[in-house]
Amino acid sequence: MRADAEAGAPAEAFGYHALDPCVHCGFCLPACPTYLATGDESDSPRGRIVLMRALERGELEPDDDGLIAHLDACLGCRGCEPACPSGVGYGRGLEAAREQLFRARGLPLPARLGLAVFRIRALWRALFGAGRLLRATGVPARLAGRGRLGFTMAMLAATGDGRVSATNGARARRAGAETTPNATTTGPSVVLFRGCVMDGLFAHVHAATRRTLEANGYEVRDADAQVCCGALHEHAGDRAGAAALAAQNVAALSDKGDAIAVNSAGCGALLKDYGHLLGTDAAARFGAKVRDVSELLAERGPRRGAPLRLEVAYDAPCHLQHAQRVHTAPLAVLEAIPDLRLRLLPGSDRCCGSAGIYSLLHPGLARSVLDAKLRDFHAAKPALDAVTTGNPGCLMQIGAGLRTSGLGIPVVHPVELLDRSYQAAGMYE
């Protein structure tokens, strides 16, 4: 098993080894959002691999300004991996390089403070609780704009329950309402991974996740003592911080169900990779039980609901399609909704520019990446009724972009649409 083979080995040694197949062919360039935005070879996967190799060999020091700038500017979307004919493990190489940089120079103060908050459950719960209160006042929606503060407010506004009006006239109940599926839960048991951002700002998605899973026969359980998945720490190179959180989740969730359900693509990618992160058999077994909610629903059908006559564009989260290699399951979830016209627009497989806290640390480049996607939404004919994607950062980034560009298109999680279809079909008591 991979976790056994890697146990005790320096993470950067294994990570850099994953770059060995690169022949510098350049097939990755058109798949890289930052290269497309800047046109700079050093902002491409090929250019960054050259920089990473120089860091590995000691030809560039960890405090080299150019090295830091170009590696920090990488979204970590891993869109280059499926485009590579040689099977280069770019994500592993980037992980190793960022860990080496973290050990040598640490992180800027704002990033350190942000990561520290996510290591303490009481702090992030208080932070997101304040965010919900602010969101409820309507102030973030009114302050939404293209400036740094305005875009941050727009991201917070985008975390609300995005209502989508269907022309069939069905009146869906509020997403947070207490409902019970009519189906008998005779299938496998799943424990819901709640996470931090999802639990703090997207409770309505958790509610829809529970209802749709139960409507398809799953027994959904909750578990205490789970914490942040650690993805933000791992992306920043703080492997120790990520590992500490991972160990808590393995202890809290491992024996609570047949599977571990997750509705955040970024969380799911790391949860499935806990075996690599921790290097233990227990963590590898944990990772093998993790399933995106769309995978679980697709395995059971899913059941078809009532018609929703909507034009909907699906935008694939990077860490669902590139890291987890889950492509068809979200489409199966949406195709279970009669009359919903599902659209895959140009660029639907490219990063939106969120990438964890990337959009806060690199707002200019993140907006350049997002603007290309917004142009596709604007050009869609017929006009879109909604955009759907399965990751909180994407929901916030795309939602803020649509709000500040004046398009006014709601952004929702796929399970929210299926949940509304089920509500309209009378599947819940």
Side-chain angles (χ1 to χ4, degrees), residues 2 14-38 41 43-53 71 73-98 231 234-235 262 264-273 275-276 287 290-292 294-295 298 313-334 342-356 358 369-370 372-373 376 388-391 393-394 397-398 414:
R2 186 181 64 189
F14 176 81
Y16 288 132
H17 179 70
L19 302 176
D20 288 350
C22 181
V23 296
H24 306 286
C25 65
F27 278 96
C28 57
L29 271 63
C32 178
T34 54
Y35 174 75
L36 295 177
T38 68
E41 172 77 13
D43 284 331
S44 73
R46 181 172 66 180
R48 290 184 175 119
I49 287 173
V50 172
L51 294 173
M52 285 188 264
R53 287 301 202 185
L71 292 188
C74 179
L75 290 154
C77 68
R78 296 170 62 175
C80 53
E81 292 188 357
C84 177
S86 301
V88 173
Y90 179 87
R92 288 287 188 234
L94 181 66
E95 172 188 300
R98 285 183 169 170
E234 192 269 344
H235 296 335
V262 59
S264 164
C267 297
L270 186 63
L271 292 170
K272 289 181 177 181
D273 206 34
H276 167 72
V290 176
R291 308 301 298 279
D292 186 75
S294 66
E295 294 181 278
Y314 172 66
D315 205 78
C318 296
H319 281 84
L320 188 60
Q321 59 173 339
H322 301 318
Q324 300 185 54
R325 306 297 171 93
V326 174
H327 300 281
T328 60
L331 305 181
V333 169
L334 296 168
L342 180 60
R343 312 271 292 279
L344 297 179
L345 301 180
S348 63
D349 60 342
R350 290 184 182 160
C351 187
C352 66
S354 172
Y358 184 96
V369 171
L370 175 63
K373 194 174 290 290
D376 291 334
T388 185
T389 187
N391 188 62
C394 304
Q397 176 83 348
I398 296 173

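Predicted model only: the values in this text are computed from it and were never measured.
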A.B. asks: Which atom pair, heavy atoms only, marks the closest approach of K272 to V290?
C.D. replies: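 Nearest heavy atoms, K272 then V290: CE-O, 3.3 Å.
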A.B. asks: Check whether any side-chain N or O of N391 sits under 3.5 Å from a backbone N or O of S264 as a donor-acceptor pair, and report yes or no.
C.D. replies: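 Flag not set: sc N391 to bb S264 has no pair under 3.5 Å.
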A.B. asks: Kindly write out the residues that satisfy ring-ring contact (aromatic ring centres under 6.0 Å, His included) with Y358, not counting sequence neighbours, or none if the list is empty.
C.D. replies: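 So Y358 forms a ring-ring contact (aromatic ring centres under 6.0 Å, His included) with H362.
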A.B. asks: Using every non-hydrogen atom in the two residues, find where A231 and G266 come nearest and quote the distance to one decimal.
C.D. replies: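 Taking A231 first and G266 second, the nearest heavy atoms are CB-O, 4.1 Å.
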A.B. asks: Would you name the heavy atoms of C22 and I49 that are closest together and state the gap between them?
C.D. replies: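 Looking at all heavy atoms of both residues, the shortest contact is SG-CD1, 3.9 Å.
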A.B. asks: Are R343 and D376 close enough for a salt bridge, meaning some N to O gap below 4.0 Å?
C.D. replies: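 No.
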A.B. asks: What's the spacing between H319 NE2 and Q324 CD if we round to 0.5 Å?
C.D. replies: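 H319 NE2 to Q324 CD: 9.0 Å, rounded to 0.5 Å.
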A.B. asks: Using atom types as modelled, flag every donor-acceptor pair under 3.5 Å from a side chain in residues 79-86 to any protein atom, sequence neighbours excluded.
C.D. replies:
| unit_1 | atom_1 | unit_2 | atom_2 | d |
| --- | --- | --- | --- | --- |
| E81 | OE1 | R78 | NE | 3.3 |
| E81 | OE1 | R78 | NH2 | 3.3 |
| E81 | OE2 | R78 | NE | 3.2 |
| E81 | OE2 | Y90 | N | 3.4 |
| E81 | OE2 | G91 | N | 2.8 |

A.B. asks: For the residue pair C28 and P45, what are the closest heavy atoms and their distance?
C.D. replies: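 Nearest pair, atom of C28 first, then P45: SG-CB, 3.6 Å.
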A.B. asks: Can you tell me how far the OH atom of Y35 sits from the CD atom of E41, to the nearest 0.5 Å?
C.D. replies: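 Rounded to the nearest 0.5 Å, the OH-CD separation comes out at 6.0 Å.
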A.B. asks: Hey, does the side chain of K373 reach the backbone of G347 with a donor-acceptor pair shorter than 3.5 angstrom?
C.D. replies: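 Checked: pair present.
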A.B. asks: Can you see whether D273 engages H276 through a side-chain donor-acceptor pair at a distance of less than 3.5 angstrom?
C.D. replies: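 No - no donor-acceptor pair under 3.5 Å links their side chains.
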A.B. asks: Rounded to the nearest 0.5 Å, how far does NE2 of H235 lie from SG of C74?
C.D. replies: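 Interatomic distance, C74 SG to H235 NE2, rounded to 0.5 Å: 11.0 Å.
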A.B. asks: Under 3.5 Å, which donor-acceptor pairs link side chains of residues 325-334 to any protein atom two or more places apart or in another chain?
C.D. replies:
| unit_1 | atom_1 | unit_2 | atom_2 | d |
| --- | --- | --- | --- | --- |
| R325 | NE | H322 | O | 2.7 |
| H327 | NE2 | Q321 | O | 3.4 |

A.B. asks: Please name the pair of heavy atoms, one in L71 and one in M52, separated by the smallest distance, quoted to 0.1 Å.
C.D. replies: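 Minimum heavy-atom separation between L71 and M52: CD2-CG, 4.0 Å.
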A.B. asks: So, taking the atom named CZ in R53 and the one named CG in L19, what distance separates them when rounded to the nearest 0.5 Å?
C.D. replies: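 Interatomic distance, R53 CZ to L19 CG, rounded to 0.5 Å: 5.0 Å.
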A.B. asks: Give a yes or no answer on whether the side chain of T389 reaches the backbone of D315 with a donor-acceptor pair at less than 3.5 Å.
C.D. replies: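 Answer holds: yes.
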A.B. asks: Throw together a table of side-chain donor-acceptor distances under 3.5 angstrom for residues 348-355, partners on residues two or more places apart or in other chains.
C.D. replies:
| unit_1 | atom_1 | unit_2 | atom_2 | d |
| --- | --- | --- | --- | --- |
| S348 | OG | L345 | O | 3.1 |
| R350 | NH2 | P30 | O | 3.4 |
| S354 | OG | G393 | O | 3.1 |

A.B. asks: Checking R48 now: which residues fulfil salt bridge (charged side-chain N to carboxylate O under 4.0 Å, His left out) with it, not counting sequence neighbours?
C.D. replies: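 Only D43 meet the salt bridge (charged side-chain N to carboxylate O under 4.0 Å, His left out) criterion with R48.
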A.B. asks: Calculate, to the nearest 0.5 Å, the distance between atoms CG and CG belonging to L51 and L94 respectively.
C.D. replies: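 Rounded to the nearest 0.5 Å, the CG-CG separation comes out at 11.5 Å.
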A.B. asks: Looking at every heavy atom in both T388 and P414, which two are closest together, and how far apart are they?
C.D. replies: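 Result for this residue pair: OG1-N, 3.0 Å.
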A.B. asks: Go through the structure and list residues passing salt bridge (charged side-chain N to carboxylate O under 4.0 Å, His left out) with D292, not counting sequence neighbours.
C.D. replies: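 Testing D292 for salt bridge (charged side-chain N to carboxylate O under 4.0 Å, His left out), a comparison that skips the adjacent residues, returns none.
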